[in-house]
Structures are given as C-alpha cells and as structure tokens.
Amino acid sequence: KNVGLLLAGLLRLKDLTLLKVGRFLPEEARYIRQNALEARIIQIEQLRLEELAALYNAAECLVFPSLYEGFGWPVLEAMSCGCPVICSRRASLPEVGGDAPFYLDRLDADEVAGAVDRVLTDAGLRGGMRARGLAQGRKFSWEKAAREVRCVYDEVAADAGIVRERAG
C-alpha cells in the first residue's frame, strides 16, 4: 500500500494527524519510532463497516499511494462517503477514481506532502473532489456488476449455441 511514502510525506507536514486503519509492517513501525511520529499517528487495527464509513465521512481526505491494487476498494469507499481522495495513478485506481481524485504521479514524499497541503487548504478543490467522488461512486454497485456479468454469460452462451430460459 506504500505506507512508507505516506509516512515520509507526513514528516513534511506539521500539525497533522494520520489515522491508519490496519497494522503497520515492522519496517513502517521502525520508521515511525526513528522519526518520532508516534504522537501524530492514531492506529486502529479493525473496524466494522459502519465505523469505517463514519471515519471516511469525518476525514479531511484519504491518502492512498498504493502501487498495486486489484480493484481499489478504499478509494471507492472514501469517494462514496464524500471523502476527497489523493492516490497514485497506478493499477486500477484511475479506473475506479475517474476524475475525482488528486493523482500522484512522481510518488515521492514532497509530492504527497504538497498534495495533502493543497487539498486541505483549498476549500474549492476539496468541494469539487467531494462532488466528483460522490458521482463516481454512484457508477459502481453490486447490482450493476451482476447485470454486467450476466450479459457476459448470455453472450458466451449465445456464441456456444446454448439457449436458456429467461425468468419471468
């Protein structure tokens, strides 16, 4: 998830608290200790979905500089709660995020710190990100995914000459 980059960015930002959901890797915990970041980090290992949604709703932004994601659930969850997202432009994240996130291209600590500072200090930018994120989040649903999978199955069946009865 590239948490080390996030921690390096946090070093450049003063008077900011990071809330981390999940465990830190040993090397991340060592970095936190070596750089005296303990007082600026709140760590919660596990949350129920309702608690996670409440945190997204209360957060100023989600910073997600992940280098690889199968889908990018945290980005979609945050946007669906109206939380501005700062994330990498890697893997599935641009497809999930659309035009809503502030994308990181260089993936260095200065870029992360600059993006966070800009999103936190520019109310117009933050408001636009919230609105675009909510709209992007509405594009995804389990019902839509099920319909799309069903269409693929129907096309494959038709190509194979398989006829199936349609319900109702």
Side-chain angles (χ1 to χ4, degrees), residues 1-10 13 15-32 37-104 107 112-113 115-153 167:
K1 304 301 176 198
N2 211 7
V3 173
L5 176 62
L6 177 57
L7 294 171
L10 182 63
L13 296 161
D15 303 321
L16 195 66
T17 300
L18 170 68
L19 172 62
K20 164 81 163 91
V21 177
R23 293 188 175 140
F24 285 105
L25 297 173
E27 60 270 18
E28 296 163 350
R30 190 169 34 262
Y31 185 91
I32 291 166
L37 288 171
E38 297 93 340
R40 299 181 54 206
I41 297 174
I42 299 169
Q43 180 187 9
I44 302 172
E45 289 193 15
Q46 290 186 315
L47 291 172
R48 292 190 317 273
L49 286 178
E50 310 81 51
E51 295 168 326
L52 184 58
L55 285 178
Y56 282 135
N57 278 292
E60 294 294 326
C61 65
L62 169 72
V63 183
F64 198 70
S66 182
L67 299 175
Y68 174 79
E69 287 299 313
F71 180 77
W73 285 109
V75 168
L76 180 58
E77 292 166 345
M79 291 186 314
S80 295
C81 291
C83 179
V85 171
I86 299 169
C87 67
S88 66
R89 194 183 300 273
R90 301 282 176 94
S92 64
L93 298 179
E95 183 179 348
V96 172
D99 67 347
F102 188 112
Y103 286 106
L104 303 170
L107 291 173
V112 170
V116 170
D117 183 61
R118 183 160 174 222
V119 168
L120 295 183
T121 58
D122 186 334
L125 173 64
R126 211 170 40 256
M129 290 174 72
R130 281 190 175 108
R132 289 189 306 276
L134 288 167
Q136 181 70 9
R138 285 190 293 272
K139 294 179 181 178
F140 295 87
S141 73
W142 287 115
E143 292 80 15
K144 181 180 177 192
R147 279 193 307 274
E148 290 174 1
V149 168
R150 173 113 185 229
C151 285
V152 169
Y153 283 142

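All residue numbers in this chain count up from 1 along the given sequence. Just so you know, these numbers come straight off a predicted model, no measurement behind them.
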Report task. Using atom types as modelled and distance alone, determine if a side-chain donor or acceptor of E51 lies under 3.5 Å from a backbone N or O of R48. Result -> yes
Query - Reported CG-to-CD1 distance for the pair L62 and I86, which is rounded to 0.5 angstrom - result: 8.5 Å
Report summary line: Rounded to the nearest 0.5 angstrom, the CG-SG distance for L120 and C61 is 5.0 Å
Report task. Kindly compute the distance separating SG (C81) from CG (L52), expressed to the nearest 0.5 Å. Result -> 7.5 Å
**Report entry** F64 side, atom CZ; C87 side, atom SG - distance, nearest 0.5 Å
**Finding:** 8.5 Å
Query raised in the report: Should K20 and I44 count as side-chain neighbours, where that means a heavy-atom distance under 4.5 Å?
Result: no
Report task. Could you go through the side-chain contact (heavy atoms from CB on, under 4.5 Å) check for L19 and I41 one step at a time? Result -> CA-CA 6 Å; L19 172 62; I41 297 174; over 6 Å; no
Query raised in the report: How close do R126 and V119 get, heavy atom to heavy atom, and via which atoms?
Result: NH1-O, 2.8 Å
Query - Other residues, nucleotides, ligands: >12 heavy atoms within 6.0 Å of Q46 CD - result: no
Query - Inter-residue atom distance F140.CZ - W73.CH2, 0.5 Å rounding - result: 9.0 Å
Report task. Verify, without hydrogens or angle tests, whether R132 (side chain) and D99 (backbone) share a donor-acceptor contact under 3.5 angstrom. Result -> yes
Report summary line: On a heavy-atom basis, the closest approach of A8 and Y31 is CA-OH, 3.4 Å
Query raised in the report: Counting only N and O atoms by type, is there a donor-acceptor contact under 3.5 Å from the side chain of R130 to the main-chain atoms of M79?
Result: no
Query - Side chain N2, main chain L67, donor-acceptor under 3.5 Å - result: no
Report summary line: Between L13 and A113 the two heavy atoms that sit nearest each other are CD2-O, 3.5 Å
Report task. Would you mind telling me which of D15, L10, L18 makes a side chain to side chain contact (heavy atoms under 4.5 Å, CB included) with R40? Result -> L10
Report summary line: Smallest heavy-atom separation, V75 atom then G97 atom, equals CG1-CA, 4.3 Å
Report summary line: Per side chain to side chain contact (heavy atoms under 4.5 Å, CB included), V63 is matched among V85, V3, L6 by L6
Report summary line: Heavy-atom closest pair (P65 atom, L5 atom, distance to 0.1 Å) is CB-CD2, 3.9 Å
Query - Main-chain N/O of A53 paired to N57 side chain as donor or acceptor, under 3.5 Å - result: yes
Query raised in the report: In Å and rounded to the nearest 0.5 Å, what is the OH to OG distance from Y68 to S92?
Result: 7.5 Å
Requested in this report: Using distance alone, with no hydrogens and no angle criterion, decide if S66 and E69 have a side-chain donor and acceptor under 3.5 Å apart.
Outcome: yes
Query - Heavy-atom pair of closest approach, residues S88 and L93 - result: OG-CD1, 3.4 Å
Could you list the donor-acceptor pairs under 3.5 angstrom formed between side-chain atoms of residues 21-28 and any protein atom two or more places apart in sequence or on another chain?
unit_1 : atom_1 : unit_2 : atom_2 : d
R23    : NE     : E45    : OE1    : 2.9
R23    : NH2    : E45    : OE1    : 3.3
E28    : OE1    : L25    : N      : 2.8

Requested in this report: Given side-chain contact (heavy atoms from CB on, under 4.5 Å), test L125 with F102 step by step and report yes or no.
Outcome: CA-CA 9 Å; L125 173 64; F102 188 112; 4.3 Å; yes
